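Quick notes on the structure that follows.
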Amino acid sequence: MSEHSANHPAAAATGRPRAVKAVIPAAGLATRFLPATKAVPKELLPVVDRPVLQYIVEEAAQAGIDDVLLITGRGKTAMVDHFDRRPDLEERLAKKPELLAAVQRTTELAAIHTRRQPEQLGLGHAVGYAESHVGDAPFAVLLGDEFVKPSEPLLPAMLELQARTGGVVLAFFEVDPAETSRYGIASVEPAEAELTDVGEVVKVTGMVEKPQPEDAPSNLAVLGRYVLPGRIFDAIRRTEPGSGGEIQLTDAMELLRNEGVPVHAIVYRGTRYDTGMPLGYLQTVVQIAVEREDLGGEFRKWLAEFVNSDAAGGSGT
């Protein structure tokens, strides 16, 4: 059981069940990172000394979720190995307690399950493979290439909001209006007054995929966190291929919204790390490295010297 799970009730005051399982779609080929990801899953690329996937599982554990389903693909068994026991390694680390604790922690975060997605046919298609594990209960979906700062959590509020409404709960972040063509953008209206104590909550009235700035209904972009009711699986089955010829989760959620299922979102103002592109991955590594107590001071000093040297036309070495 997660060390955090006891701190979060299983049901909200409404009596509706709170989501206690998370699904992480992680079957993609990560072509933007080739050839590095030919043999190593993108989700295991290190951010200093922890892989991206561990940060995401830790985010779920912090919110009280200790049951995680990975939707995997070919060549990605190493993701499961990362959270498995390594008695041989632990034995070698017996005299290095800090390293031993770090290795053992990966096995204690959550119960890790897997389901293979034979071919990648969209996010909705991937989420559909979670039905046998999740059943008809609400659950969280955490995309495998972004996470938030632990001291600025997002998921607990999303779980609370979904338990209150029983519907779909999304997370948004603000983008520069000129960048709306890179994201799914939402149209919104004020949320019901009784929900505003959860956070900066809005009611979603529609979503548009990658609109041009002049056509964008807002500058609120979809962040890779969802809390969904179990009925999403039936909606996915009824969803026709959409953008790119794939089964899109956005289309399935829109189907539910049109059928009267409430859709709300929390506007997140905290720190979001996006490792889905090489630039964002590098920015994430630098951001987290400079904030580390054991590395930050020396790394900041080196980084400043490197940048100043480069600006002066030096080699930086």
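No hydrogens, no waters, no symmetry mates; every other heavy atom, side chains included, goes into these values. Keep in mind that what you see is a predicted model, and the values were worked out from it rather than measured. Residue numbers count from 1 along this sequence.
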Q.
Side chains of Thr72 and Thr114: any donor to acceptor distance under 3.5 Å?
A. no
Q | Within 6.0 Å of CD in Glu91, more than 12 heavy atoms from elsewhere | A | no
Q) Got a second to check how far Glu131's CD is from Asp234's CG, nearest 0.5 Å? A) 8.5 Å
Q.
Test salt bridge (charged side-chain N to carboxylate O under 4.0 Å, His left out) on Lys301 and Glu298; report intermediate values, then the result.
A. CA-CA 5 Å; Lys301 179 181 177 182; Glu298 188 173 350; over 6 Å; no
Q) What is the distance from atom CZ of Arg300 to atom CD of Glu305, rounded to the nearest 0.5 Å? A) 14.0 Å
Q.
Does Val127 form a side-chain contact (heavy atoms from CB on, under 4.5 Å) with Ile236? I'd like the steps, not just the answer.
A. CA-CA 8 Å; Val127 171; Ile236 289 171; 4.0 Å; yes
Q | Intermediate values then yes/no, salt bridge (charged side-chain N to carboxylate O under 4.0 Å, His left out), Asp136 and Arg231 | A | CA-CA 7 Å; Asp136 60 0; Arg231 62 192 297 181; over 6 Å; no
Q: Would you check if there is a donor-acceptor pair between the side chains of Gln120 and His125 at a distance under 3.5 Å?
A: no
Q: Please assess Gln248 against Met253 for the test side-chain contact (heavy atoms from CB on, under 4.5 Å), listing each intermediate value before the final yes or no.
A: CA-CA 9 Å; Gln248 299 295 343; Met253 293 188 297; over 6 Å; no
Q) When Thr271 is tested against each of Glu291, Gln287, Glu152 for side-chain hydrogen bond (donor to acceptor under 3.5 Å, both in side chains), which residue passes? A) Glu152
(Q) Determine whether a donor-acceptor pair (N or O, by modelled atom type, separation under 3.5 Å) exists between the side chain of Glu146 and the backbone of Gly224. (A) yes
Q. For Gly280, does its backbone N or O pair with a side-chain atom of Thr284 as donor and acceptor, under 3.5 Å?
A. yes
**Q.** Leu228 with Met158, same ILVMFWY side-chain cluster at under 4.5 Å
**A.** no
(Q) Please check this pair: side chain of Ser218 against backbone of Ser187, looking for a donor-acceptor N/O pair closer than 3.5 Å. (A) no
Q. Do the side chains of Ile185 and Val188 join up, straight or via other hydrophobic residues, at under 4.5 Å, putting them in one cluster?
A. no
Q: Could you list the residues that satisfy salt bridge (charged side-chain N to carboxylate O under 4.0 Å, His left out) with Glu90, not counting sequence neighbours?
A: Arg85
**Q.** Pairwise distance CE(Met277) to OH(Tyr281) - rounded to 0.5 angstrom
**A.** 15.0 Å
Q: Would you name the heavy atoms of Pro118 and Arg74 that are closest together and state the gap between them?
A: O-NH1, 3.1 Å
**Q.** Geometric cation-pi criterion Arg50 and Tyr55, 6.0 Å radius, 45° cone
**A.** yes
Q.
When you measure from the side chain of Lys21 to the backbone of Ala137, do you find a donor-acceptor pair of N or O atoms at a distance under 3.5 Å?
A. no
Q. Where do Leu143 and Leu123 come nearest, in terms of heavy atoms and distance?
A. CD2-CD1, 3.8 Å
(Q) Can you tell me how the ring of Trp302 sits relative to the ring of Phe299, calling it parallel under 30°, perpendicular over 60° and tilted otherwise? (A) parallel
Q: Evaluate the side-chain contact (heavy atoms from CB on, under 4.5 Å) criterion for residues Ile71 and Ile24: first the C-alpha distance (whole Å), next the side-chain angles of each, then the deciding distance (0.1 Å), finally the verdict.
A: CA-CA 6 Å; Ile71 306 298; Ile24 302 178; over 6 Å; no
Q. Quick one: does Arg32's side chain get under 4.5 Å of Lys42's, heavy atoms only?
A. no
Q. Between Phe147 and Tyr273, does the ring centroid distance fall short of 6.0 Å?
A. yes
**Q.** Min side-chain heavy-atom separation Leu53-Leu70 under 4.5 Å
**A.** yes
**Q.** Cluster check Val201, Val261: I/L/V/M/F/W/Y, side chain < 4.5 angstrom
**A.** no
Q) Do Val168 and Pro262 touch side chain to side chain, with heavy atoms closer than 4.5 Å? A) no
Q.
Would Glu58 and Gln54 count as a side-chain hydrogen bond (donor to acceptor under 3.5 Å, both in side chains) here? Give the steps.
A. CA-CA 6 Å; Glu58 287 174 345; Gln54 183 173 332; 3.0 Å; yes
Q: Mind running salt bridge (charged side-chain N to carboxylate O under 4.0 Å, His left out) on Arg164 and Asp197 for me, showing each step along the way?
A: CA-CA 12 Å; Arg164 290 195 193 184; Asp197 64 311; 2.8 Å; yes
Q: Taking all heavy atoms of Pro229 and all of Gly167, pick out the closest pair and write down the distance.
A: CD-O, 3.3 Å
Q) Would Asp49 and Arg292 count as a salt bridge (charged side-chain N to carboxylate O under 4.0 Å, His left out) if you check the C-alpha gap in whole Å, the side-chain angles of each, and the deciding distance to 0.1 Å? A) CA-CA 11 Å; Asp49 55 6; Arg292 287 269 295 255; 2.9 Å; yes
Q: Search all heavy atoms of Thr196 against all heavy atoms of Ala193 and return the closest pair with its distance.
A: OG1-O, 2.8 Å
Q: Please name the pair of heavy atoms, one in Val148 and one in Pro153, separated by the smallest distance, quoted to 0.1 Å.
A: CG2-CA, 4.5 Å
Q. Please walk me through it: do Leu44 and Met79 pass side-chain contact (heavy atoms from CB on, under 4.5 Å)?
A. CA-CA 7 Å; Leu44 292 186; Met79 292 191 299; 4.1 Å; yes
Q. Is the closest side-chain heavy-atom distance between Ile266 and Phe172 below 4.5 Å?
A. no
Q) Between Val204 and Leu154, is there a shared hydrophobic cluster once you connect ILVMFWY residues whose side-chain heavy atoms come closer than 4.5 Å? A) no
Q) Under 6.0 Å between ring centres, would you say that holds for Phe139 and Tyr226? A) no
Q. Is any side-chain heavy atom of Arg238 closer than 4.5 Å to a side-chain heavy atom of Leu255?
A. yes
(Q) Cation-pi check for Tyr129 against Arg115: NZ or CZ below 6.0 Å from the six-membered ring centre and within 45 degrees of the axis, yes or no? (A) no
Q. When you measure from the side chain of Thr180 to the backbone N and O of Pro211, does any donor-acceptor pair fall under 3.5 Å?
A. yes
Q | Lys/Arg N to Asp/Glu carboxylate O, Glu254 vs Arg257, below 4.0 Å | A | yes
(Q) Once rounded to the nearest 0.5 Å, what's the spacing between atom OG of Ser181 and atom NZ of Lys210? (A) 9.0 Å
Q) Just by distance, do the side chain of Thr275 and the backbone of Asp145 share a donor-acceptor pair under 3.5 Å? A) yes
Q: Find out whether Leu155 and Val227 are in side-chain contact, i.e. whether some heavy atom of one side chain is under 4.5 Å from a heavy atom of the other.
A: yes
Q) To the nearest 0.5 Å, how far apart are OH in Tyr268 and CZ in Arg225? A) 9.5 Å
Q.
Does this structure show an ion pair linking Arg86 with Asp88, if we count only N-O contacts that are shorter than 4.0 Å?
A. yes
Q) Are more than 12 heavy atoms from other residues, nucleotides or ligands located less than 6.0 Å from atom CD of Glu98? A) no
(Q) Determine whether a donor-acceptor pair (N or O, by modelled atom type, separation under 3.5 Å) exists between the side chain of Asn219 and the backbone of Asp176. (A) no
Q) If you take all heavy atoms of Ala22 and Ala60, which pair is closest and at what distance? A) CB-CB, 4.5 Å
Q. Same cluster or not: are Phe233 and Leu249 linked, directly or through other Ile, Leu, Val, Met, Phe, Trp or Tyr residues, by side-chain heavy atoms under 4.5 angstrom apart?
A. yes
Q. Mind checking whether Asp66 and Val20 have side chains closer than 4.5 Å, heavy atoms only?
A. no
Q. Is there a side-chain contact between Leu93 and Val103, using heavy atoms and a 4.5 Å cut-off?
A. yes
